[in-house]
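One structure is given below, encoded as C-alpha cells.
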Amino acid sequence: MGSEGISINKKLRFLCLHGFRTSGEILKKQLVTKWPESVLEKLDLVYVDAPFPCKGKSEVEGIFDPPYYEWFQFNKEFTEYENFDECLTYIEECMLKHGPFDGLLGFSQGAILSAALPGLQANEVALKNVPKLNAFIIIGGAKFRNQSVAEKAYSSPNECPSVHFLGETDFLKQYGVELLDSFAQPLVIHHPKGHTIPRFDEDGLKSMLSFLERMEEVAGMEKK
C-alpha cells in the first residue's frame, strides 16, 4: 500500500458495507454485540451508510430503528441493477475520505459488493484512485449474476486473504459457496444460523484470530 499503508503496529482498517435496507449503525450494533473483544480489538472498523434511502420494506423493521439504506437496486433474478455505477463511485469517495483501508468487511448486499470489488478494481472498473485492497471479510455473500459485471469481477481468483462466513440455514449459502472460487485461498467459517451476523464457536474464533494475524503480516509487507 506504499507510504500511505497501515503500519503493522496499528489496527487493520476496514470499510464496512452493511446489508440491504439496513445501515452502518445497524451493522455496528450487530458486530459489537456478537463478536468478542479479542476480534474487535484488532480491527479499526469504519461504518458508512449506503448512498440511497430505502425504497421498500426493510427486513429489520421492528428489530432495528430506521433510517435504512440500500447500495443499489436490482431485479428479482439479480441480473439487472440500478444506480450501480453511482454506488461504486460512492464507495470510492468513502475510501478517499476515510481511508486508506486494508480491506473491506461486508454483510449481505455489502458482502456481494465487497467480494466483487477486488476484481473490479484490478480491471479498472472501480476504485481507480485508491490503493489496492488487501483483505476481505465476507458474511453472507454471493456473486453478481449480470454477465458483464461478473466477467470483470471474477475474471481471476483474488490472491488476497479472505474469510467467508457460511450459515447452514442461510438462503444464500449455495451462492456463498460458489463465491469461494473467486478467491485463491479462502478461509471458511461455518455457523449454524441463517442470513445473519454470526457469533463464534471455539473453532471459528481460533480461525478468525489466525486469519487476522495473517492479514497483519500482509499489511506489514505492503508497508515495506
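In this text the structure is predicted, and so the values were computed from the model without any measurement.
From D102, atom CG reaches atom CG of L133 across 9.0 Å, with rounding to the nearest 0.5 Å. To the nearest 0.5 Å, atoms CD1 (I139) and CG (L172) are separated by 13.0 Å. Expressed to the nearest 0.5 Å, how far OH of Y90 lies from CD of E93 amounts to 8.5 Å. Y69 contributes atom OH, which lies 12.0 Å from atom OG of S58 (distance to the nearest 0.5 angstrom). The NE2 atom of H98 sits 11.5 Å away from atom SG of C16, with the distance rounded to the nearest 0.5 Å. Atom CG in N134 sits 5.0 Å away from atom NZ in K132 (nearest 0.5 Å).
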N83 and F52: side chain to side chain contact (heavy atoms under 4.5 Å, CB included), yes or no, with the steps? CA-CA 9 Å; N83 296 314; F52 302 105; 3.3 Å; yes

Passes side chain to side chain contact (heavy atoms under 4.5 Å, CB included), L179 versus I138? Steps please. CA-CA 10 Å; L179 179 61; I138 308 298; 4.0 Å; yes

Can you list the steps and then say if Y47 with K29 is a side chain to side chain contact (heavy atoms under 4.5 Å, CB included)? CA-CA 11 Å; Y47 303 88; K29 288 179 179 177; over 6 Å; no

Could you walk me through whether H164 and F136 satisfy the ring-ring contact (aromatic ring centres under 6.0 Å, His included) test, starting with their C-alpha distance in whole Å, then the side-chain angles of each, then the deciding distance to 0.1 Å, before giving a yes or no? CA-CA 8 Å; H164 304 253; F136 301 87; 8.9 Å; no

Side chain to side chain contact (heavy atoms under 4.5 Å, CB included) for L40 and L45? Distances and angles first, verdict last. CA-CA 8 Å; L40 295 174; L45 302 177; 4.2 Å; yes

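When the options L120, L88, L104 are evaluated for a side-chain contact (heavy atoms from CB on, under 4.5 Å) with L113, the one that passes is L88.
Within the structure, every pair that satisfies the side chain to side chain donor-acceptor pair (under 3.5 Å) test and touches residues 136-153, not counting sequence neighbours, is listed here: R145-Y175, N146-S148, Q147-E151. Annotation: salt bridge (charged side-chain N to carboxylate O under 4.0 Å, His left out) contacts involving residues 189-204, sequence neighbours excluded, comprise E202-K206. Applying the side chain to side chain donor-acceptor pair (under 3.5 Å) test to residues at least two apart or on different chains, the pairs with a partner in residues 110-127 are N123-S155.
Following chains of ILVMFWY side-chain contacts shorter than 4.5 Å, one cannot reach L180 starting from F171, and the two form parts of different hydrophobic clusters. Neither W35 nor L166 shares a network with the other; the hydrophobic side chains, linked directly or stepwise wherever heavy atoms of I, L, V, M, F, W or Y lie under 4.5 Å apart, form separate groups for each. At a threshold of 4.5 Å between side-chain heavy atoms, the hydrophobic network of Ile, Leu, Val, Met, Phe, Trp and Tyr places Y154 and F78 in one connected group.
Side-chain contact check for V125 versus V149: every heavy-atom pair is 4.5 Å or farther apart. Here the side chains of Q73 and F84 are not in contact, with every heavy-atom distance at 4.5 Å or above. Between L187 and S207, some side-chain heavy-atom pair lies under the 4.5 Å cut-off. At least one side-chain heavy atom of I91 sits under 4.5 Å from a side-chain heavy atom of L15. Taking 4.5 Å as the limit, some side-chain heavy atom of I197 sits within range of a side-chain heavy atom of L27. Residues V46 and F14 fail the side-chain proximity criterion, which asks for heavy atoms closer than 4.5 Å. Put simply, the side chain of H195 reaches to within 4.5 Å of the side chain of S108, judged on heavy atoms.
Between F74 and F144, the ring centre distance reaches or exceeds 6.0 Å. Here the two rings, on H190 and F165, have centers that are 6.0 Å apart or farther. For H191 and F200, the ring centers sit 6.0 Å or farther from each other.
The two residues A135 and C160 make their nearest non-hydrogen contact at N-CB, 4.3 Å. Annotation for S162 and P186: closest pair OG-CA, 3.6 Å, computed over non-hydrogen atoms. Scanning both residues, C87 and P51, for their nearest heavy atoms gives CA-CG, 4.5 Å. For L117 against A126, the heavy-atom pair with the smallest separation is CD2-CB, 4.2 Å. Taking each heavy atom of M215 and P161 in turn, the nearest pair found is CG-CB, 4.0 Å.
At least one donor-acceptor pair under 3.5 Å links the side chain of T169 to the backbone N or O of G194. Looking only at distances, a side-chain donor or acceptor of E92 sits under 3.5 Å from a matching main-chain atom of N129. Not a single donor-acceptor pair under 3.5 Å links the side chain of E216 to the backbone N or O of L12. In terms of modelled atom types and a separation under 3.5 Å, the side chain of N158 and the main chain of P118 share no donor-acceptor contact. For the pair D49 (side chain) and G24 (backbone), a donor-acceptor distance under 3.5 Å is present. Listed for the Q30 side chain is no donor-acceptor partner under 3.5 Å among the backbone atoms of E25. Between the side chain of K42 and the backbone N or O of L209 there is no donor-acceptor pair closer than 3.5 Å.
When only modelled atom types and interatomic distance are considered, S23 and K28 share no side-chain donor-acceptor pair under 3.5 Å.
Under 4.0 Å is where a charged nitrogen must lie from a carboxylate oxygen, and between E168 and K173 at least one such pair does.
Applying the salt bridge (charged side-chain N to carboxylate O under 4.0 Å, His left out) rule to D44 yields the partners R13; only residues at least two apart in sequence or on another chain are considered. For K57, the salt bridge (charged side-chain N to carboxylate O under 4.0 Å, His left out) test picks out E61, with sequence neighbours left out.
Clustering of Ile, Leu, Val, Met, Phe, Trp and Tyr by side-chain heavy atoms under 4.5 Å joins Y68 with I26, V60, I63, F64.
Residue E86 qualifies as enclosed at atom CD: its count of foreign heavy atoms under 6.0 Å is above 12.
Aromatic ring pairs are classed by plane angle as parallel below 30°, tilted from 30° to 60° and perpendicular above 60°; the pair H18 and W71 is tilted.
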